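Quick one: this structure, given as structure tokens, is what I'll be asking you about.
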Amino acid sequence: METSVPYENDLNLKATELRLGLPGSDENEQQTRNNKRSLPDTPDDLDTKDKSDEAASVAKAQVVGWPPIRSYRKNSLQQKKNEGECAGIYVKVSMDGAPYLRKIDLKLYNGYPELLKALENMFKFTVGVYSEREGYKGSEYEPTYEDKDGDWMLVGDVPWEMFMSSCKRLRIMKGSEARGLTAN
Amino acid sequence: MNYFPDEVIEHVFDFVTSQKDRNAVSLVCKSWYKIERLSRQSVFIGNCYAISPERVIGRFPGLKSLTLKGKPHFADFNLLPYDWGGWVYPWVEALAKSRVGLEELRLKRMVVSDDCLELLSRSFVNFKSLVLVSCEGFTTDGLAAIAANCRYLRELDLQEIEVDDNRGQWISCFPDSCTSLVSLNFSCLKGEINLTALERLVARSPNLKSLRLNRAVPLDTLQKLLMRAPQLVDLGIGSFVYDPSSEAYIKLKATLVKCKSIRSLSGFLEVVPCCLSAIHPVCQNLTSLNLSYAPGIHGNELIKLIRFCRKLERLWILDSIGDRGLGVVAFTCKELQELRVFPSGVDNAAVTEEGLVAISAGCPKLHSLLYFCQQMTNAALITVAKNNSNFTRFRLCILDREKPDPVTMQPLDEGFGAIVQSCKRLRRLSLSGLLTDQVFLYIGMYAEQLEMLSIAFAGNSDKGMLYVLNGCKKLRKLEIRDSPFGNTALLTDVGKYETMRSLWMSSCEVTLGGCQTLAKKMPRLNVEIINEDDQMEFSLDDRQKVGKMYLYRTLVGPRKDAPDFVWTL
């Protein structure tokens, strides 16, 4: 066994002594304070403590390697968050008879009503009233979309999230062709 | 045993399989040493820099399976600069030069280049199994080489790896004659994959038991793959997004019912929650479920799923499950042995001490825990310790650093103390929250079987570290960050480090002088100082604090591949 370098005079044997006492029975084990710790002392301190807590937590915010999770896991959850927050789902929108197509970001809308309203504004038309049985009644325009299978579907049948993930492009159909979609 | 011929002793040794036991056997006498080393097939090297490949090959010429670990654990959390080391090429090169008939290579935290994979694929005729965990440095070109050249490949398993420059054609490189696959895991690859080639590969692999797909594999392909491989035991689903009324989905539901062998399920890298009813029939037989990469599955849909999983032994989940969800786990999963709860990054979804207490009360067989939580109390930990003294692995991470018990505002010393006192078979422990030297006193006193300890932002003085070094006789790996332990703690018992694999200390109080003293006294340790940002600039000021120190025992002296920013004292 090597002898310890005398950085301290006190070998501090008591600390390493084995005893039969219950844990915590040595009340003399005083915790030495250092500036890394912030133990609350008395209620009077709480006010000032709150303020320094705030400053501390701002400073605490970013530390390399915390929380300790692998970068692979961090990055893949981050990517999903980004997909959820920042990346838009842009799809082309065509309208029968219109000279050029438009593009919209599906992420901007919370549901079908908002989407339909936006389409109405964009192309200056009105869409009818939606019902599961008869599709859109009251207008010669019907909003449709192409899904991942390549099939043309009526907008509004599936839950919004499902629509968002399967919609490849939108087409506002006009006239008899449109009515054909809902006739069964 | 001197009057038995060698062949008989060798036959007896066939039944001695664990490395620990074989190491013990080899120490009995020269004759046993020789017989053991010539018959050893499987070698585990916990630190690739502790020994050289030439010496391993020299001692074990019959080597068939090699497991290597490279970087220290904290490298996983970006605490180690890129290019620190852990290159596996020299090992593969040495093995290729010798006449070792390598069949299996398992690597963790190592740097693997495409050249290395190419060399590996061409050098060993009987190569069967490649497992890479948390590795880096290669592209799908390297995988293409493995696919193309390893004629009897059984296992290709990639876990938690960031592979850039992804093209899906590597899967087409498996020749038509390759029919031996048992396990294929490419779930971590980010790019597209050639779906037709994948389908044909699965179709010609009758022994395939484990298949983990990446996000680029859509639902209809999944259905086709499952039709070809109803014998699968372990399934990792890539994309699970579809319209529930579509034909593809209805087909999948029917196919899944036929897959009666699936015991392990993971993935759901892309998911629409309302599609999950197809999975319910599979749940009742599951022993292992990993939803930790599926933030899309949460709330009631998740709880519905869990209620079917009565036989679960292993569960990896995100904290979006909440305390309520953990209560359902506690009620349902009575066979649970291992639980890991990862942070999802969504603040109000986090779990607290309540979830942990429920689990400890409901799951008597639980022995392995990794728990990221918002807060923890001493009372909860004491209750957990009372409920369950079986823990072998107990890793608790309170996300808010140095957070005390929110009820009493006390440090968590008593709580962790109760854990180590109760769990006599504890081998691995990770601490967090507000902690003083007291917790280390308890650990030194009670954690007799402890092999690995992770410390972050804890303790008050050198006493803390000394309690651990003095008390934990079986300690092998100690990793410490941002804690006030200095030279006294480091230097009091330098002989201890030769009984351990490694010690990591970063942002502590040790100085350059202290490290130099240690290195001088212990020539069989490599004491590495890792300089980032030219911190130290080799200034030779003894009193300067060391940013990162990593020391490990070694039989081969300072490594020759250390980059400029690593200074071996």
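Only a predicted model underlies this, so the values are computations on that prediction, with no experimental measurement involved.
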Take a 6.0 Å sphere around CD of Glu132(A) and say whether it holds more than 12 heavy atoms from other residues, nucleotides or ligands.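 Atom CD in Glu132(A) is not crowded, with 12 or fewer foreign heavy atoms closer than 6.0 Å.
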Need one label for Ser166(A): side chain, backbone, both or neither, based on atoms under 4.5 Å from any heavy atom in chain B.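 Neither; nothing under 4.5 Å.
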Counting only heavy atoms closer than 4.5 Å, note whether Ile161(B) contacts chain A via side chain, backbone, both or neither.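 Answer is backbone: N, CA, C or O of Ile161(B) sit under 4.5 Å from chain A.
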Heavy-atom cut-off 4.5 Å, strictly under: side chain, backbone, both or neither for Ser454(B) against chain A?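 For Ser454(B), there is no contact with chain A at all, as no heavy atom is under 4.5 Å.
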Relative to chain B, which segment of Val64(A) carries a heavy atom at a distance below 4.5 Å: side chain, backbone, both, or neither?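 Both parts, backbone and side chain.
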With a 4.5 angstrom heavy-atom cut-off, is it the side chain or the backbone of Phe74(B) that approaches chain A, or both, or neither?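 Nothing of Phe74(B), per the 4.5 Å heavy-atom cut-off to chain A.
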Please identify each residue that fulfils side-chain contact (heavy atoms from CB on, under 4.5 Å) with Cys167(A), with sequence neighbours left out.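 Cys167(A) satisfies side-chain contact (heavy atoms from CB on, under 4.5 Å) with Val91(A), Leu106(A), Tyr145(A), Phe163(A), Leu170(A) only.
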Do the side chains of Arg171(A) and Asp96(A) get close enough for a salt bridge, i.e. N-O under 4.0 angstrom?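 The answer is yes: the pair qualifies as a salt bridge.
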Report which part of Arg109(B) has an atom under 4.5 Å of a heavy atom belonging to chain A: side chain, backbone, both, or neither.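 Only the side chain of Arg109(B) comes within 4.5 Å of chain A.
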According to the interplanar angle, ranging from 0 to 90°, do the rings of Phe240(B) and Phe268(B) count as parallel (below 30°), tilted (30 to 60°) or perpendicular (above 60°)?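 Perpendicular: the ring planes of Phe240(B) and Phe268(B) meet at over 60°.
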Is it true that, when you exclude Glu448(B) itself, more than 12 heavy atoms of the residues, nucleotides or ligands shown sit nearer than 6.0 Å to its CD?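 Not more than 12 within 6.0 Å, no.
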Side chain from CB out, backbone as N, CA, C, O: work out which of these in Ala456(B) comes under 4.5 Å of a heavy atom of chain A, or both, or neither.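 The answer is the side chain of Ala456(B).
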Given side-chain contact (heavy atoms from CB on, under 4.5 Å), test Met445(B) with Gln421(B) step by step and report yes or no. CA-CA 8 Å; Met445(B) 248 204 282; Gln421(B) 195 175 2; over 6 Å; no
